[in-house]
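Computed from heavy atoms alone, side chains included, the values below leave out hydrogens, waters and symmetry copies. Numbered from 1 within each chain, the chains take letters A, B, ... in sequence-line order.
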Number of protein chains: 2
Amino acid sequence: MAKARTTIHDIAKELHITAATVSRALNGNQAISARTRQAVADAAVRLQYKPNQIAASLRTGKTFTVGVLVPAADRSFFGSIIRGIEEVLAAAHYSVIVAQTHEGQQAEERAVETLLRLQVDGILASVAKGSAEFHYFEKVRQAGVPLLFFDNVWRSMPVSSVVIDDYLGAYRATEHLIEQGCRRIVHLWGHRTSYLYQERLRGYKAALADAGIRVDDTLVYECKSDPAAGQRITADILAQHPDVDGIFSSSDFAAVGVLQSLQAAGIDVPGQIAIIGFANEPFTQFVTPALSTVDQHTHTMGQIAAELFLEEIQANKPFTPHVRILEPDLVLRGSSLRKA
Amino acid sequence: MAKARTTIHDIAKELHITAATVSRALNGNQAISARTRQAVADAAVRLQYKPNQIAASLRTGKTFTVGVLVPAADRSFFGSIIRGIEEVLAAAHYSVIVAQTHEGQQAEERAVETLLRLQVDGILASVAKGSAEFHYFEKVRQAGVPLLFFDNVWRSMPVSSVVIDDYLGAYRATEHLIEQGCRRIVHLWGHRTSYLYQERLRGYKAALADAGIRVDDTLVYECKSDPAAGQRITADILAQHPDVDGIFSSSDFAAVGVLQSLQAAGIDVPGQIAIIGFANEPFTQFVTPALSTVDQHTHTMGQIAAELFLEEIQANKPFTPHVRILEPDLVLRGSSLRKA
DNA sequence: TTGTAAGCGTTATCAC
DNA sequence: GTGATAACGCTTACAA
């Protein structure tokens, strides 16, 4: 049976001092004499004292925990962000509570409530795509809990956020294809309603326009973010636009499906059709030819999100939202690099 | 400014009853009259009452949080396990605190101490490869906190665990290559000191022996788990064993490196050399030819780990460790399937 | 430099 | 059925 844990009172009794002094000694309070501090430290080891953070939290109102909301922890994109967040927060003695929303509003709302009940010191969230309202996110702020978005954000809420510049990423990807000689460039578009994909579409069109290439809306295909969808859509593209010479996919997953279908159809990539995806999923470097893509600096995104949170709780000046927009980088590989 | 939160005392005052009654009503205590219960529920909504789990935890000793220790959250293997764990625990109203060890003992020890300070109700861990001792894991049990291992375990500790049958996975993978006609099969071995890799080596040898094929130790190559290592070792293999016709890699990452090098050398896969990896990493399905591999049921592993934990805390009978060994499944693809 | 005392928001054990 | 009270383990004015 687990015998009663040692508390600061046990240490106090042992040393014939009070619990208050023990508490101060353990917390490095400068008012405490070196002798006492040492005695307390020794006794703590001897009695195997383990601080009870819950008790301290109840008193101070700080738990040193932060909630992180992601759609799914097994998606490489979010795993990488979680990694970045945990690294930075652990160094600052914060722990990370991970909750998954599965892109659904109900799970998201439940998770937010759970986190608030646990009295987390902050919530970092990638908003679920299935969320249409956000009264529960308002509650977070009403509760005085710092809130911060990354990746997919509610732009109408005045909270800090970390995102990548989807417009710029798409622009650069398209520009690259143009530089490789492509003129009839298909865009595989994502969720019509998503700001993120709207921005990618905007970037695609801007790059074409800036290069003096006519924007042809029939070259824009709505396509889910998975290989099977990419495979299915390839036939349509080839049938409707036999003159296509480049494809910019807003998803690596769709891109790899297209790549496979093109190869099955005997079409040379990148010779006849050059391809570039988006996200720099780990698998992109392993396909043949390796898939060009746009890196979103997910690890950095997590780190910055954590840093913004730390700044926010440390600042005593009134809070003003910071929006950090990361510059995506092109990762150019065989699928889009034609010989010079 | 965050005004003072409503507590059960506020509700009590409002209804001219005591906090004890409010607490009982909120917790569904049957002794409370339906009228009171309803009044409390109404007042809770009206006053926007939000329970303070920290206060309850201090009193009850239960936090409804569980610590999960993994080497790195961005490795697909662990992301998938975390997903499984979180899904099961969230349904049981537990939250998951994720900490990363980066395969190092120091970080692991720090993480364990942090989790104990946070009074987690349990710890689920994949032991860091860099850990040589485990006095801090002993402390977890001394503290009366349920401990459970998955993936990489301390076999000398009497705690429950969930692992896959590495021996069986390796046996089946090797057997499959033999069935495809391979006779000179190289094994790419992992960490020499790791039980897990020792088991895979054992499975490889057993399958050969059972098929009446001579076990040749020079066919066993120690190789790190990354594509570059696989690429480097390919030249050695081809030089030293030009008659090799199959490769069983204990790592998908090494396997894909080998695959690339073989193709660069103009060797037909699977015709001349068939390849099978281990882990069913997401990228294996996208390489060309798609890489055969051994699936470890990571999502299930996470779910089972969580279920074992829940059983352990619910059981009132004395604790006996359960060891769950999952059967790995072959995932056969182009890299090892020769035409019939 | 240290002690005293109050309190964080709950829940549990008595009573009545 | 409900109330009164203590307690969980810690921190922090305020005193001394």
Side-chain angles (χ1 to χ4, degrees), chain A residues 2-41 43-44 47-65 93 116-121 143-144, chain B residues 2-41 43-44 47-65 93 116-121 143-144:
Chain A
K3 62 177 182 309
R5 294 172 45 127
T6 36
T7 72
I8 53 174
H9 291 97
D10 299 321
I11 298 180
K13 201 172 297 174
E14 176 93 355
L15 300 178
H16 303 291
I17 56 180
T18 67
T21 304
V22 174
S23 172
R24 284 186 274 243
L26 290 172
N27 290 316
N29 188 317
Q30 285 308 314
I32 299 297
S33 74
R35 254 181 100 259
T36 307
R37 202 199 321 270
Q38 189 58 52
V40 168
L47 301 180
Q48 304 207 54
Y49 170 72
K50 298 274 174 296
N52 184 332
Q53 177 66 44
I54 293 296
S57 293
L58 178 57
R59 182 59 230 250
T60 62
K62 278 188 55 87
T63 55
F64 285 96
T65 59
H93 306 292
L116 288 181
R117 213 177 38 222
L118 290 173
Q119 314 288 115
V120 292
D121 291 343
Chain B
K3 63 177 179 310
R5 296 171 43 127
T6 36
T7 72
I8 52 174
H9 291 98
D10 298 323
I11 298 180
K13 200 172 296 173
E14 177 93 355
L15 300 179
H16 302 291
I17 56 181
T18 67
T21 303
V22 175
S23 172
R24 284 186 274 243
L26 290 172
N27 291 315
N29 187 317
Q30 285 308 314
I32 300 297
S33 74
R35 253 181 102 260
T36 308
R37 204 199 319 269
Q38 189 57 52
V40 169
L47 301 179
Q48 303 207 52
Y49 169 72
K50 297 274 173 294
N52 184 333
Q53 176 66 44
I54 293 296
S57 294
L58 178 58
R59 185 59 233 248
T60 62
K62 277 188 56 87
T63 55
F64 284 95
T65 59
H93 305 291
L116 288 181
R117 216 180 32 229
L118 290 173
Q119 312 290 114
V120 292
D121 291 342

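- Note: B:Arg37 CZ to B:Leu26 CG = 10.5 Å, rounded to the nearest 0.5 Å.
- Taken residue by residue, residues 50-64 of chain B places heavy atoms nearer than 4.0 Å to DNA chain D at B:Leu58, B:Arg59.
- The nucleotide range of DNA chain D contacted by chain B, defined by atoms under 4.0 angstrom from heavy atoms of the protein and reported 5' to 3', is D:dG1 to D:dG9.
- Qualifying side-chain contact (heavy atoms from CB on, under 4.5 Å) partners for B:Ala39, counting only residues two or more places apart in sequence or in other chains: B:Leu15.
- Reading DNA chain C from its 5' end, the first and the last nucleotide to sit under 4.0 Å from a heavy atom of chain B are C:dG9 to C:dT13.
- Of all non-hydrogen atoms in B:Phe64 and B:Gln53, the two that sit nearest each other are CD1-NE2, 3.8 Å.
- Judged by closest nucleotide on DNA chain D, B:Ser33 is the one of A:Thr7 and B:Ser33 placed further toward the 5' end.
- Expressed to the nearest 0.5 Å, how far CZ of B:Arg5 lies from CD of A:Gln119 amounts to 4.5 Å.
- Looking at every heavy atom in both residues, A:Ser57 comes nearest to A:Lys62 through OG-O, 2.8 Å.
- Taking five base pairs at each end of the helix from C:dT1-D:dA16 to C:dC16-D:dG1, the local helix axes there meet at an angle of 30°, rounded to 10°.
- When every heavy atom of A:Asn52 is checked against every heavy atom of A:Ile54, the shortest pair comes out as OD1-N, 2.9 Å.
- In this structure the side chain of A:Ile17 reaches within 4.5 angstrom of the side chain of A:Val40, judged on heavy atoms.
- Closest approach of B:Ala12 to B:Ala19, counting heavy atoms only: CB-N, 3.5 Å.
- Within 6.0 Å of NZ on B:Lys50 lie more than 12 heavy atoms contributed by other residues, nucleotides or ligands.
- Shown here are the side-chain contact (heavy atoms from CB on, under 4.5 Å) partners of A:Ser23, two or more places apart in sequence or in another chain: A:Ile8, A:Asn27.
- One finds the CD1 atom of A:Ile11 at 12.0 Å from the OG1 atom of A:Thr21 (value rounded to the nearest 0.5 Å).
- Looking only at side-chain heavy atoms (C-beta outward), B:Leu118 and B:Thr63 stay at 4.5 Å or farther from each other.
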